[in-house]
S.K.: 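Pasting in a structure now, in structure tokens, and then I'll have a few things to ask.
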Amino acid sequence: KNEVEQSPQNLTAQEGEFITINCSYSVGISALHWLQQHPGGGIVSLFMLSSGKKKHGRLIATINIQEKHSSLHITASHPRDSAVYICAVPGGGFGNEKLTFGTGTRLTIIP
Amino acid sequence: EPEVTQTPSHQVTQMGQEVILRCVPISNHLYFYWYRQILGQKVEFLVSFYNNEISEKSEIFDDQFSVERPDGSNFTLKIRSTKLEDSAMYFCASRIEGTTEAFFGQGTRLTVV
């Protein structure tokens, strides 16, 4: 069973700051997911990555497969980025496609 | 853009009542999931469904729960006799073959009173 840990649990920053959220997992995986949960509760998939780095706008996700670690970065943060960011991995490692979720990082960006 | 849709968005029910949560997955997706999130806790896997049968279920998914794909488009989660502790956000997700990328619905907030 894959164990997923995220840090920090809560993060408050000023608008414009560079944000980093970390995720580590215990069992080798085929891909890692970063998700965003809005205040109303809905979940949106941000990234799925299996190696290296991906970028969408101001969001960048990196993964180090050897170290079983991923980071989500937000550049030039904005109040609309305030949400819970969740890391998720296949639950049983390779070939097990149900997702195991981290506890999430609650991000608050202050104008 | 195709999306997973869930109805209702919020349901309040009395303890002991049956509820059915509905999901319409993306049309060419073959794998379907239900997850739930109790307030303040992490999202947990309930059940996965493929080829018209359950492929995996968690310890949470006991005899009170069932899933069905009644008509080739809807995917439902039924809770036969709701308990207070079933109060949670329930998420449906679907994916195509060959990837773990799942697309999530907006969730149904179930409140059992």
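Chain naming here is simple, since letters A, B, ... match the order of the sequence lines and numbering starts at 1 in each.
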S.K.: Answer yes if B:W34 and B:M89 sit in the same cluster of Ile, Leu, Val, Met, Phe, Trp and Tyr residues linked by side chain heavy atoms under 4.5 Å apart, and no otherwise.
M.R.: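 B:W34 does not cluster with B:M89.
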
S.K.: Is any side-chain heavy atom of A:L35 closer than 4.5 Å to one of B:V43?
M.R.: no

S.K.: Heavy-atom distances under 4.5 Å only: say whether A:S45 touches chain B with side chain, backbone, both or neither.
M.R.: side chain

S.K.: Is chain A contacted by the side chain of B:Q41, its backbone, both, or neither, given a heavy-atom distance below 4.5 Å?
M.R.: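 Looking at B:Q41, nothing touches chain A.
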
S.K.: Give a yes or no on this: more than 12 heavy atoms of other residues, nucleotides or ligands lie within 6.0 Å of atom CG of B:L39.
M.R.: no

S.K.: What closest approach, in Å, do A:K98 and B:Y33 show between heavy atoms, and which atom pair accounts for it?
M.R.: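 That would be CA-CE2, 4.0 Å.
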
S.K.: Please identify, among A:G102, A:G104, A:A31, A:G42, the residue contributing the most non-hydrogen atom pairs under 4.5 Å to chain B.
M.R.: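 Ranked by contacts with chain B, first place is A:G42.
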
S.K.: Is the count of non-hydrogen atoms from other residues, nucleotides or ligands lying under 6.0 Å from B:E85 atom CD greater than 12?
M.R.: yes

S.K.: Which answer fits B:Y35, side chain, backbone, both or neither, if we ask what part of it has an atom under 4.5 Å from a heavy atom of chain A?
M.R.: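 Side chain only.
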
S.K.: When hydrophobic residues are tied together by side-chain contacts of less than 4.5 Å, even through go-betweens, does B:L110 share a cluster with B:I20?
M.R.: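 No, separate clusters.
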
S.K.: Are B:F49 and B:F65 connected into the same hydrophobic cluster when the rule is that any two of I, L, V, M, F, W, Y join if their side-chain heavy atoms are below 4.5 Å apart?
M.R.: yes

S.K.: Enter the distance from A:H33:NE2 to B:F104:CZ here, rounded to the nearest 0.5 Å.
M.R.: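 It comes to 8.0 Å.
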
S.K.: Return the minimal non-hydrogen interatomic distance between A:V4 and B:K42, and the atom names on each side.
M.R.: O-NZ, 4.5 Å

S.K.: Cluster question for you: counting only ILVMFWY and a side-chain heavy-atom cut-off of under 4.5 Å, with indirect links fine, are B:Y90 and B:V67 together?
M.R.: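 Yes.
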
